[in-house]
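Here the structure comes first, spelled out in structure tokens, and everything after it is commentary.
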Amino acid sequence: MEYTFYEIAILFFAYSFIAWLAETSVATIKVKNFRNRGFASGPFCFIYGVTGIFLTVFLQELRNDTLFLFLGSMAVATAIEWYTGKLLESMKQKKWWDYSDKRWNFDGYICLQYSILWGLLGCFAVRYGNAILLHLFELFPNVVKEVVVWGLLAIGMIDIMGSLISIYHLEQKIPSVFRWSQKLQTWTYRFAARLSGHIESRIQNSYPSMTKQDADEQEIEGKACSLEQLFWLFVIGAFLGDIVETLFCRATAGVWMSRSSVVWGPFSVVWGLAIALVTALLYKDREKQDSHIFWVGTFWGGAYEYICSVFTELIFGKVFWDYSEMPFNLGGRINLLYCFFWGIAAVVWIKGLYPIMAQFIDTLLKKTGHALTGLAFVFMVLNLCVSMMALVRYDTRANGQEAVFKWEQSMDSHFDDERMRRIYPNAIETVN
């Protein structure tokens, strides 16, 4: 089933609001006092909205398979909860929630009890909840639906922006942040000045584990990478991932095969994003045992690969890998053996390769400044954009659609079927 933009948006806000009601009600009952449990100031828990959309989009094919839908919902929701906890912790080096007192918890951010609950709720949402919510949404006229969706989007963006301003104490820096619009500067500053105090005090009341530390407390070593460092980790990871996969195909299948995700150069975007994410989220845990990092990499790597598989199929109409012939696979998108490879790769990267790469990147940035990074960024953005256009045209060309626009004609000229098959030899057209 395909969803429209308005349907996706209303499901996002509906699940965010329903979750806010549930979370706030439970928290209020526990402490016998009102507690607003949302990250933002409004009545929304956006993490649940994001989870609901991920389950709706990526697990739709499991809708009629209750067991795998439950396991998939449990895995995706748990992964999002863990990733969100890590990202929020990286903002202020504090835990926003803590399950350390519960049995079978991991990192204090996830635990078996809630993972099972997410699985059950995910099953209900995908099989019944979406249909109920969209049926109610269809009762309204189209004009009303459009106004509601765009209004909620505007409120949500302003709300999140105000929350981030509060967390980073940027109220006085707003004019320098929004130089592109003087009118928006003034309005945002006034709004943020009133909103941030409320948000900051509410966050501390709602999340007791996130208490402030003394000002002289030392920063956590290696707490985070700059955006510039993360970009280079993406580029290096994409390059190394492509090389490793190419050599693996040669060793196992006896053929040289392109494993690139883009049309220019040996870069695997899936690996690049994975390296950047695992570094940002796991490097703080580098002193933990190898087994800890291995199992984290195994579980999250599998969830990440599954989502990437569904995403590329939905966007480009192609399946870029298929493990259907391998044992212990899930829909041909992931299999147990390669999930273990993700775990091994996480250990090798965090324990061994990353410190070397970090030194290399620091040296590179010191010697070249921002010039090389700027050129590389422009190249990668252009590379990704052209690759997406070439893939979209590759799909529409396969469906017999003639080139109408100039960009389509350009793609046909520079990236014909023969060249695309060389770049993406494993790409299989999906059957609708």
Taking [Y]'s backbone N and O only, do any of them form a donor-acceptor pair with [X]'s side chain (distance below 3.5 Å, no angle check)?
X: Ser260; Y: Gly265; answer: yes
X: Arg259; Y: Asp242; answer: no
X: Asp395; Y: Leu391; answer: no
X: Thr279; Y: Ile275; answer: yes

Please indicate whether [X] has more than 12 foreign heavy atoms, meaning atoms of other residues, nucleotides or ligands, lying under 6.0 Å from its [atom1].
X: Phe405; atom1: CZ; result: no
X: Trp150; atom1: CH2; result: no
X: Tyr6; atom1: OH; result: yes
X: Phe328; atom1: CZ; result: no

What I'd like to find out is whether the side chain of [X] reaches to under 4.5 Å of the side chain of [Y], using heavy atoms alone.
X: Phe12; Y: Leu152; result: no
X: Tyr354; Y: Leu233; result: yes
X: Thr246; Y: Trp256; result: yes
X: Trp82; Y: Val296; result: yes
X: Thr51; Y: Tyr15; result: no
X: Lys367; Y: Leu372; result: no
X: Ser73; Y: Phe124; result: no
X: Tyr424; Y: Val263; result: yes

| query | Any side-chain donor paired with an acceptor under 3.5 Å for Arg393 and Ser410? | reply |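 No, no side-chain donor-acceptor pair sits under 3.5 Å.
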| task | Begin with the C-alpha distance, continue with both residues' side-chain angles, and end with the deciding distance and a verdict on side chain to side chain contact (heavy atoms under 4.5 Å, CB included) for Val310 and Gln60. | result | CA-CA 10 Å; Val310 177; Gln60 193 64 223; over 6 Å; no
Rounded to the nearest 0.5 Å, what separates atom [atom1] in [X] from atom [atom2] in [Y]?
X: Ile334; Y: Tyr323; atom1: CD1; atom2: OH; answer: 9.5 Å
X: Asp416; Y: Arg421; atom1: CG; atom2: CZ; answer: 8.0 Å
X: Trp342; Y: Phe299; atom1: CH2; atom2: CZ; answer: 14.5 Å
X: Gln229; Y: Leu364; atom1: CD; atom2: CG; answer: 11.0 Å

| message | Determine whether the aromatic ring centres of residues Phe239 and Trp232 are separated by less than 6.0 angstrom. | response |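 Ring centres of Phe239 and Trp232 not closer than 6.0 Å.
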| message | Tell me if the centroids of the rings in Tyr48 and Phe17 come within less than 6.0 Å of each other. | response |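 No; Phe17 has its ring centre 6.0 Å or more from that of Tyr48.
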